[in-house]
Every structure is written in C-alpha cells, then in structure tokens.
Amino acid sequence: MTTSRTSYVPPHLRNRPPSADPAPISHSGAAVGNGYLGYGGAPSAGFRSVGHRDGQIGGGGGAWNNRSNGWDRGMAREANPFGDDVDTDPGFGALENTGINFDAYDDIPVETSGINVPPPVNTFAEIDLGEALNLNIRRCKYTKPTPVQRYAIPISIGGRDLMACAQTGSGKTAAFCFPIISGIMKGGQSAASPARSPRIACPLALILAPTRELSIQIHEEAKKFAYQTGVRVVVAYGGAPVNMQLRELERGVHILVATPGRLVDLLERARVSLQMIRYLALDEADRMLDMGFEPQIRRIVQQMDMPPPGIRQTLLFSATFPKEIQRLATDFLSSYVFLAVGRVGSSTDLILQRVEYVHETDKRSHLMDLLHAQRASGDQGKQTLTLVFVETKKGADSLEHWLCFNGFPATTIHGDRTQQEREYALRSFKSGKTPILVATDVAARGLDIPHVAHVVNFDLPNDIDDYVHRIGRTGRAGKTGLATAFFNENNSSMAKPLAELMQEANQEVPAWLSHFAAQSSYGGRNRGGAGGRFGGRDFRRDPSANRGGMDMYGVGQMNGGYGGATNVASAWD
DNA sequence: AAAAAAG
C-alpha cells in the first residue's frame with residue numbers, strides 16, 4: 001500500500017501543511033482542520049474504510065471504493081495535471097487564461113430570479129471549498145471568481161438547482177466543477193445502496209456534454225480542479241476504444257464526464273449505474289435538450305436509475321437558452337434559480353464582427369483574399385489561428401483540400417472523421433502546425449482554443465444561437481478577435497437576428513444587411529438566447545411563455561417555485 | 001437539409 005512515489009501523500013502526512021505536498025508549487029498557510037472532517041490535503045482517508053481487501057463487495061459505499069488497493073493505487077498514480085514546468089506546459093498555459101478579462105467585468109450585468117436566491121460572493125475565500133481545492137484554484141492562478149462563478153458557486157453550494165446563461169470562456173466549467181468537487185469531499189461517501197457488483201461504476205456526479213472534444217476538455221479541466229482532493233474524474237466518449245474507459249471506471253469514479261451515446265452504451269452494458277448520482281450537470285444545456293439529443297438525455301436522466309430532481313442537484317449551463325428549451329428543462333429541475341450573466345467580451349467589445357456580402361460562387365476566392373491579407377499583415381512567427389465554419393462535412397473536406405492545394409496549411413474536424421483524426425486535427429491546429437481549421441458545428445460550442453484570432457463563417461448557420469457560439473471561439477483570453485461572416489441570399493432568414501445581435505454588440509451593421517433584415521419576414525426577436533444584454537432571460541418572467549407553461553411549472557416545482565411575478569426582484573422591469 | 005452522438 002505504501003509507495004515512494006513522490007505524488008503519494010502517506011496517511012500520517014495527510015492534513016499537513018504544505019511541507020507534505022510534493023507539488024512544485026509554492027504556497028503558504030494551508031490550514032489544518034478546515035472543516036472537511038479529515039480530508040485536508042489528501043482526503044482519501046476519509047473515503048474508504050480501512051482494512052478492506054481487493055475486490056470486496058458490499059460494505060459502506062459504491063462498489064469500487066471499498067477496494068483500497070485500487071483506490072490507493074489511483075491516488076499514488078494521479079498524474080500532476082499542472083505539469084512540473086508551468087512555462088512549458090501548454091495545457092497549463094491554456095487554463096491559466098480561460099478568456100477571463102477581469103477589467104471588463106466591472107459593469108457586467110447579472111440577473112437572477114427564483115425563490116430565496118443565495119447571495120453572490122466576491123472571493124473564493126468566502127466559500128469554504130476546502131484546502132485541497134483552494135490550492136488547485138491558486139495553481140490555476142484564479143485570483144478572484146468571475147461573475148458567473150460569484151453567483152453560481154454559492155447557489156450550487158446552497159444545494160439549489162440552477163439554470164445559468166453565461167458565455168463560454170467566462171469560467172463556466174469551474175462554476176459547476178467547484179461545487180461538485182467540494183460537495184463530494186464534504187459529503188464523504190454515502191452509505192446508501194452499494195452496487196451489486198464491483199464492475200459497476202457508481203459515480204456521484206455526471207457531467208454531460210454534446211461533443212467528444214468538449215467532454216475531453218471538461219475532463220482535463222476537472223482533473224486540475226480535483227487534483228489531490230481524492231475526487232476521481234473519469235471521461236467516457238464514443239469513437240475511442242471502450243476498454244481503456246472501462247478500466248478507468250473500474251478504478252473508481254466520483255465524477256463521470258461523458259457524451260450521451262457512450263454513456264447509454266455503458267448503462268446498457270451495466271458497467272455504470274446512476275443510482276448514486278447526487279449532481280447532474282449539463283454543459284451546453286440548450287444543445288443537450290434540443291431535438292437531436294433530447295430523447296437520449298431523457299433516457300439517461302429519467303428512464304434509468306438516476307435519483308429524481310429534488311434528490312439530486314441539477315446544474316444547467318449554456319451561453320444561450322431559448323425559451324422553448326427552458327420550458328423543456330423544467331422537467332429536470334426542482335425549484336431552480338435562473339442566472340444570466342451579461343456577455344463578457346465575446347460578442348461585445350473583444351470581438352469585431354463583420355458581415356460581407358459574398359455570392360456562393362465567390363466564397364473560396366474571397367476567403368483566399370482574406371487569408372492573403374492576413375498573412376501579409378500578420379506578425380510572422382506569431383501564430384494567428386483561423387477557424388473556418390462550414391455547413392456540411394463534405395464541404396469541410398473539400399474546402400480543406402482546396403486550401404492546402406493553394407498553399408494554406410489547413411486541416412478539418414467534423415463527424416465523418418475518425419476520433420483519432422479529429423483529435424489530431426485539433427492538436428495540429430492548436431499547435432499552429434496547420435493554422436487553419438475548417439470545421440462543422442462540432443467545433444462551435446465550448447471548445448477553448450487559445451490564439452484563435454479569426455473566425456470565418458464561410459457558411460452562416462441557420463440559427464443565431466449557433467452564430468453566437470461559433471464567434472465565441474475567438475476573443476478569448478482577454479485578446480481581441482475578429483469574426484467575419486459571408487452572407488448572401490441563402491442566409492436571408494439570418495439577416496434580422498444577425499443585424500439585431502450586431503447592433504446590441506455595438507457593431508457596425510452594413511446598410512445592405514439592414515435592408516435585408518427589413519425585407520425579411522422571419523423573426524429574430526426575443527429568440528430567448530440571443531436577445532438583450534444577457535445571454536438569456538428566465539422564461540418564467542415572460543408572460544406569453546407563462547401562459548402555456550405556468551400550470552406545468554407550478555406542478556413541477558417541489559418548493560412552490562416561482563409563484564408569479566410578485567415576490568421577485570424587478571430588475572427586469 | 002445538416003450536424004452531433006454507439007458500434
């Protein structure tokens with residue numbers, strides 16, 4: 001059980017100040033006795049009962065965590081996700097600047113609604129997240145919480161369900177990971193219903209994401225937050241060999257990050273049980289609940305063995321949240337708080353949005369012009385990454401070939417490529433080896449790719465929310481970004497919402513686009529996700545939305561929920 | 001109609 005591995009903290013040194021910590025990070029004053037009932041720096045001692053043997057079934061907790069061998073080996077082996085050299089570790093550098101420009105945060109509009117909303121905090125120290133997690137927060141160089149974190153963390157710590165609208169890059173992942181990790185540490189191991197077999201993994205938290213790459217990214221980030229907390233994070237997604245993922249699950253899992261398809265597969269194989277779930281988080285929640293995903297999500301959340309709303313805690317996050325989707329989401333929530341954080345940087349100051357009228361047949365040559373101009377003006381040596389969005393997978397392949405043929409190193413990511421190719425393409429793009437990435441909407445949401453200077457909407461999406469997500473891939477890390485859209489007759493349905501969005505973001509709207517917008521009979525008003533200064537608005541506050549939804553809503557809320565407009569802050573009015 | 005997500 002004992003080992004000389006430097007990352008292992010022997011039991012007698014646990015709960016000790018930093019001298020016991022092998023990580024090459026200078027830190028001071030790690031307090032002892034932080035209220036975690038024996039957790040401190042390496043809380044594994046608090047999780048398992050001592051003296052169990054390998055493979056022993058039954059007892060106090062989920063099947064795996066009685067197996068002290070597996071557990072301690074896991075602890076000993078836990079790789080330092082921060083790397084030994086901060087300066088040369090790209091992963092760390094990326095996390096260090098998750099698009100957080102604190103100077104831009106002072107006048108960010110924030111709105112909450114719901115009953116008894118826990119008040120926001122101004123510092124991480126105000127919340128008792130635990131010493132191990134606090135140390136990781138310092139390692140991440142998060143000095144103070146972002147707006148979404150200031151509000152979402154106390155709400156989650158307070159045990160409330162949450163529907164949060166906040167731009168990706170505003171610290172969303174941490175906003176739902178911190179409370180989950182902290183809650184798992186505090187709660188210790190529930191003694192309830194052990195699994196039937198040690199081969200069934202029983203995670204306490206489930207984080208679902210709409211793409212494989214996003215689930216990978218969340219997993220990487222969550223591992224940093226959970227480092228040496230004793231909380232194990234495992235990822236499961238399709239397109240990759242299942243055996244490795246199964247082995248990881250067998251070694252124990254507190255937090256499972258997954259895409260829906262692979263999770264359903266694992267549930268059907270009875271390799272995962274959701275009976276112990278205490279936290280459910282949906283990232284890009286509006287996408288997860290839209291037509292393509294809804295049946296799978298309902299299956300996972302409502303038709304397996306997951307505890308119902310009110311028993312588990314549910315956290316929904318997205319940059320956009322259309323009203324129809326909000327209404328759907330109430331099925332998964334109990335007396336929830338709605339939180340909207342104004343767009344930070346992304347579609348306001350930091351991203352310069354341009355729309356150019358380009359005929360379908362001229363798109364390639366026009367893109368070429370842009371790339372030539374960019375190449376001419378750009379600082380040589382500095383990598384300027386360009387992300388080009390197209391509508392179809394075939395279109396992505398053909399544009400990639402054409403760009404390469406014309407001397408622009410490009411690669412592509414879309415759902416017809418193998419997972420290996422997808423991950424290679426993303427790495428190749430991030431590293432600057434192929435500074436142009438042609439992508440379908442698989443790359444539109446959530447991916448944090450530093451140094452993307454230019455997002456080109458070669459084909460505009462049909463949904464303004466998708467546009468918001470796409471351009472959000474640039475203007476990150478406090479840097480400015482450029483978003484260029486090619487517009488023509490085929491996109492006339494987008495004219496109005498696009499013009500309105502750009503106007504709200506104080507962007508210059510070309511006269512011809514306004515003309516298109518005026519002609520267009522399509523709506524674009526109050527599309528829920530895109531309207532106003534916020535990333536969204538609580539549909540419970542919309543009279544027209546409530547007319548149909550109120551009954552269902554009133555019944556669905558266990559604590560009475562939102563009882564009309566009378567007892568709620570009126571900042572909206 | 002398209003994209004994503006299981007094999």
Side-chain angles (χ1 to χ4, degrees), chain A residues 168 206-219 235-246 249 256-272 274 282-301 303-304 318-320 322 325 360 363 387-400 412-423 425-426 437-447 455 457-470 472-473 486 488-494 522:
Chain A
T168 319
L206 176 64
I207 300 172
L208 291 171
T211 67
R212 297 163 183 173
E213 286 75 16
L214 185 54
S215 70
I216 293 169
Q217 178 181 298
I218 294 168
H219 174 239
V235 68
Y237 55 90
V242 78
N243 284 337
M244 180 81 115
Q245 293 173 6
L246 286 173
L249 287 168
L256 176 59
V257 185
T259 50
R262 176 56 60 91
L263 177 61
V264 168
D265 185 26
L266 296 171
L267 290 166
E268 281 173 351
R269 296 185 195 209
R271 302 302 294 268
V272 171
L274 302 177
L282 303 191
D283 202 4
E284 308 297 340
D286 59 337
R287 165 65 82 235
M288 301 304 281
L289 297 175
D290 80 5
M291 288 200 330
F293 274 117
E294 189 198 344
Q296 272 178 306
I297 300 302
R298 286 198 184 276
R299 178 125 185 259
I300 292 166
V301 177
Q303 293 160 24
M304 306 301 292
S318 182
T320 54
I325 306 285
E360 207 59 42
K363 280 184 174 179
L387 182 50
V388 183
F389 281 105
V390 297
E391 195 61 25
T392 66
K393 293 177 279 197
K394 278 178 70 177
D397 279 333
S398 98
L399 183 58
E400 179 223 359
T412 182
I413 184 167
H414 61 69
D416 272 355
R417 305 200 80 194
T418 67
Q419 191 55 30
Q420 224 175 6
E421 289 171 329
R422 285 166 58 158
E423 286 173 36
L426 203 51
L437 179 65
V438 183
T440 60
D441 269 330
V442 71
R445 284 172 173 258
L447 292 189
V455 168
N457 274 290
F458 189 89
D459 302 318
L460 270 168
N462 294 313
D463 187 325
I464 191 66
D465 286 351
D466 291 333
Y467 174 85
V468 171
H469 285 277
R470 285 179 177 188
R473 294 318 101 214
F486 295 174
N488 61 39
E489 294 82 1
N490 298 337
N491 312 114
S492 50
S493 69
M494 284 290 289
Y522 294 93

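Sequence lines set the chain letters: A, B, ... in the order given, protein chains first and strands last, and positions in each chain run from 1.
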Original post:
Quick one: which of B:dA3, B:dA1, B:dA5 gets closest to the side chain of A:T440?
Top reply: B:dA3
**OP:** Compare the minimum distances between each of B:dA2, B:dA5, B:dA1 and the side chain of A:Q296, then state the nucleotide with the smallest one.
**Re:** B:dA5
Taking OP1 and OP2 of [N], is either one under 4.0 Å from a side-chain nitrogen or oxygen of [X]?
{"X": "A:K393", "N": "B:dA4", "result": "yes"}
{"X": "A:R422", "N": "B:dA5", "result": "yes"}
{"X": "A:T259", "N": "B:dA4", "result": "no"}
{"X": "A:R212", "N": "B:dA5", "result": "yes"}

Original post:
Taking C-beta and beyond as the side chain, do A:Q245 and A:Y237 meet within less than 4.5 Å on heavy atoms?
Top reply: yes
**OP:** State, with a plain yes or no, whether a side-chain heavy atom of A:L208 is found less than 4.5 Å away from one of A:E284.
**Re:** no
**OP:** Look at all strands and tell whether A:G415 reaches a base, only sugar-phosphate, or nothing, counting heavy atoms closer than 4.0 Å.
**Re:** sugar-phosphate
**OP:** Scan A:V442 against the nucleic acid and name what it touches under 4.0 Å (heavy atoms): base, sugar-phosphate only, or nothing.
**Re:** sugar-phosphate
Subject >> Set of side chain to side chain contact (heavy atoms under 4.5 Å, CB included) partners for A:D290, sequence neighbours left out >> reply: A:R287, A:F293, A:I325
Subject >> By side chain to side chain contact (heavy atoms under 4.5 Å, CB included) - contacts of A:N462 (at least two apart) >> reply: A:E391
Rounded to the nearest Å, what distance is computed from the [atom1] atom of residue [X] to the [atom2] atom of nucleotide [N]?
{"X": "A:N491", "N": "B:dA2", "atom1": "CG", "atom2": "C1'", "value": "14 Å"}
{"X": "A:D286", "N": "B:dA3", "atom1": "CG", "atom2": "P", "value": "19 Å"}
{"X": "A:I297", "N": "B:dA4", "atom1": "CD1", "atom2": "C1'", "value": "11 Å"}
{"X": "A:R470", "N": "B:dA3", "atom1": "CZ", "atom2": "P", "value": "11 Å"}
{"X": "A:L263", "N": "B:dA5", "atom1": "CG", "atom2": "P", "value": "14 Å"}
{"X": "A:E294", "N": "B:dA3", "atom1": "CD", "atom2": "P", "value": "22 Å"}
{"X": "A:D466", "N": "B:dA2", "atom1": "CG", "atom2": "C1'", "value": "11 Å"}
{"X": "A:D290", "N": "B:dA4", "atom1": "CG", "atom2": "C1'", "value": "9 Å"}

Original post:
Between the main-chain N or O of A:V438 and the side-chain N or O of A:T412, is there a donor-acceptor pair closer than 3.5 Å?
Top reply: yes
